[in-house]
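Protein chains get the first letters and strands the later ones, always in sequence-line order, with residue 1 at the start of each.
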Amino acid sequence: MRIVFLGTPDFGVPSLEALIREGHEVVAAFTQPDRPKGRGKKMESCPVKVCALAHDIPVYQPVKIRQESVEDLKALAPDLCVTAAFGQILSQEILDIPRIGTVNVHSSLLPKYRGSSPINWAVICGETVTGVTTMMTDKGMDTGDILLQKEVEILPGETAGELTDRLAVIGADLLIETIRQLEKGICPRVPQDHEKMSYYPMLKKEMGLVDWQMDAHDIVCRIRGLSPWPGTYTFVKGEMLKIWQGMEEEATTGLPGDILEADSKKGLLVKAGKNAVRVHELQAQGGKRMKATDYLRGHPITVNACDKNEEMRHE
RNA sequence: CGCGGGGUAGAGCAGUUCGGUAGCUCGUCGGGCUCAUAACCCGGAGGUCGAGGGUUCAAGUCCCUCCCCCGCAA
């Protein structure tokens, strides 16, 4: 099968590798253009590009695929296009090019969690089950007909990053099975129940700012859901502190945001709306991530007595 | 050349302004106290101060070069 692969970040790599491993003829890979990244504004290739080049697959990096790549795609004459976290919207004109169609690997149980960050949102919303879906891409945002779907349990304490790694592999397997069934003409194809759809927006940096009015359970889900990017943070004495890991702990005293415990032995405990968040792992500006107890050894934080030291209260 | 913080004992930090015996908290090892401890007391071990070069009687500290880690921004 002549396949054109479209994907950008790590999530797409297992799918691309699976296609190659299965002996499909991957004739091209499309990814987002290289962008200045990291500290020194160095240009960096995305994971899918690196993978494609390693397998001698031609790489295309249009800024806007709809405008630049229609002729290229036609010339490639694919039987099938496969997308996995590509990052650009395909036009109908492009969707009409592949003989069979365009299959998208989406990391949620559609129609739930449409949008660009389904894994993060599933964790943020406190789900215990999510999954991957293969679908026939249509013009809408993750609205196409569902082909195959697989449920995956979200493990306790699992972060979005960890879950992404797992779903990427599971998604690759599902993709291979989907293509197998498409080739035989036995692949189911059912429209989404649009009544049950949910859509969540792209993640923004600001979403990582902890609102201590929220219940501890929700804050912990957010910490997990935004890890490793964009990360969760709060302010202590005017300095930003990233929170990498935390757990809910029962607490009835104090006001939201109060530091109930800050001890290099006991650790760091911050009051939330309901209950409190035990901060296990954090990271100060310029520092590396470390256990809260280690941090407190060298950075003593005063315990808020709830109604004094108002200026020390973090936001 | 995008902005910025940092590398000192196993861990987390202070010390660098203004050169002059390597410090703190914790851990660890040994001893003591206690019905008891994430408690307390006494004692010990453990450091090429990221690397190299330079200045100096003397460099963690001043000068030059390099390596590594991290936050912002994108």
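K288(A) comes within 4.0 angstrom of the backbone, heavy atoms only, and of no base.
V277(A) approaches A272(A) most closely through the heavy-atom pair CG2-CB, 4.5 Å. When every heavy atom of I100(A) is checked against every heavy atom of M1(A), the shortest pair comes out as CD1-SD, 3.5 Å. Residues L19(A) and F5(A) share a closest heavy-atom pair of CD1-CD1, 3.7 Å.
Across all strands shown, nothing is found opposite C18(B) as a Watson-Crick or G-U wobble partner with both distances under 3.5 Å. A11(B) is paired with U25(B) under the criterion used here, namely a Watson-Crick or G-U wobble arrangement in which both key atom distances are under 3.5 Å. In this entry C3(B) has G71(B) as its Watson-Crick or G-U wobble partner, both defining distances falling under 3.5 Å.
For residues 77-89 of chain A, the set of pairs meeting the side-chain hydrogen bond (donor to acceptor under 3.5 Å, both in side chains) definition, not counting sequence neighbours, comprises Q32(A)-Q88(A), D79(A)-R99(A), T83(A)-N104(A).
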Enumerate donor-acceptor pairs with a distance under 3.5 Å from any side-chain N or O in residues 147-159 of chain A to protein atoms, sequence neighbours excluded.
{"residue": "Q149(A)", "atom": "NE2", "partner": "L110(A)", "partner atom": "O", "Å": "2.9"}
{"residue": "Q149(A)", "atom": "NE2", "partner": "T133(A)", "partner atom": "OG1", "Å": "2.8"}
{"residue": "E158(A)", "atom": "OE1", "partner": "L155(A)", "partner atom": "N", "Å": "3.1"}
{"residue": "E158(A)", "atom": "OE1", "partner": "R166(A)", "partner atom": "NH2", "Å": "2.9"}
{"residue": "E158(A)", "atom": "OE2", "partner": "R166(A)", "partner atom": "NE", "Å": "2.8"}
{"residue": "E158(A)", "atom": "OE2", "partner": "R166(A)", "partner atom": "NH2", "Å": "3.3"}
{"residue": "T159(A)", "atom": "OG1", "partner": "E162(A)", "partner atom": "N", "Å": "3.2"}
{"residue": "T159(A)", "atom": "OG1", "partner": "E162(A)", "partner atom": "OE1", "Å": "3.4"}

Using atom types as modelled, flag every donor-acceptor pair under 3.5 Å from a side chain in residues 193-203 of chain A to any protein atom, sequence neighbours excluded.
{"residue": "D193(A)", "atom": "OD1", "partner": "E195(A)", "partner atom": "N", "Å": "3.1"}
{"residue": "H194(A)", "atom": "ND1", "partner": "R114(A)", "partner atom": "NH2", "Å": "2.8"}
{"residue": "S198(A)", "atom": "OG", "partner": "Y113(A)", "partner atom": "N", "Å": "2.8"}

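Atom NZ of K291(A) is surrounded by 12 or fewer heavy atoms from other residues, nucleotides or ligands within 6.0 Å. At most 12 non-hydrogen atoms from other residues, nucleotides or ligands lie less than 6.0 angstrom from NE2 of H217(A).
Looking at the side chain of M240(A), the nearest of the listed nucleotides G71(B), C13(B), A74(B) is G71(B). Here the side chain of R297(A) is nearest to one of U25(B), A74(B), C70(B), namely U25(B). The side chain of K265(A) lies closest to G27(B) when the candidates are A74(B), G27(B), G12(B). Residue Q283(A) places its side chain closer to C70(B) than to any other of C70(B), G12(B), A73(B).
For the P atom pair drawn from G47(B) and C64(B), the interatomic distance equals 31 Å after rounding to whole Å. The P atoms of A22(B) and G50(B) are separated by 15 Å, rounded to the nearest whole Å. Remark: the separation of the P atoms in G54(B) and A59(B) is 12 Å, to the nearest Å. Taking the C1' atom of each, U25(B) and U8(B) are spaced 15 Å apart, rounded to whole Å. Distance noted for atom C1' between C40(B) and G20(B): 38 Å (whole Å). Nucleotides G52(B) and G5(B) are separated by 24 Å at their C1' atoms, to the nearest Å. Nucleotides U55(B) and U61(B) have their P atoms positioned 15 Å apart, rounded to a whole Å.
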Below 3.5 Å is the cut-off: list the nitrogen or oxygen pairs between protein and nucleotides 14-17 of chain B, distance only.
none

Please produce a list of atom pairs where a protein N or O lies less than 3.5 Å from an N or O of nucleotides 5-8 of chain B.
{"residue": "G5(B)", "atom": "N2", "partner": "G286(A)", "partner atom": "O", "Å": "2.9"}

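Computed from coordinates, the L296(A) CG to C24(B) C1' distance equals 16 Å when rounded to whole Å. Rounded to an integer number of Å, the gap from R35(A) CZ to G2(B) C1' is 18 Å. When the P atom of A11(B) is taken as reference, atom NZ of K291(A) falls 11 Å away, rounded to whole Å. Between the CG atom of L209(A) and the P atom of G71(B) there is a distance of 18 Å, rounded to whole Å. For the pair K242(A) NZ and A73(B) P, the computed distance is 9 Å after rounding to whole Å. Taking atom CG of residue D263(A) and atom C1' of nucleotide U25(B), one finds them 11 Å apart after rounding to whole Å. Distance K37(A) NZ to G2(B) P: 16 Å, rounded to the nearest Å. The distance between atom OH of Y295(A) and atom P of C26(B), rounded to the nearest whole Å, is 18 Å.
Ring geometry, Y295(A) versus H299(A): the interplanar angle falls under 30°, so the pair is classed parallel (tilted spans 30 to 60°).
Nucleotides of RNA chain B nearest to W244(A) and P36(A) differ in position, and the one nearer the 5' end is that of W244(A).
Under a 4.0 Å N-O distance rule, the pair R180(A)/E177(A) qualifies as a salt bridge.
Partners of E249(A) by salt bridge (Lys or Arg N to Asp or Glu O under 4.0 Å), not counting sequence neighbours, listed by chain and number: R278(A).
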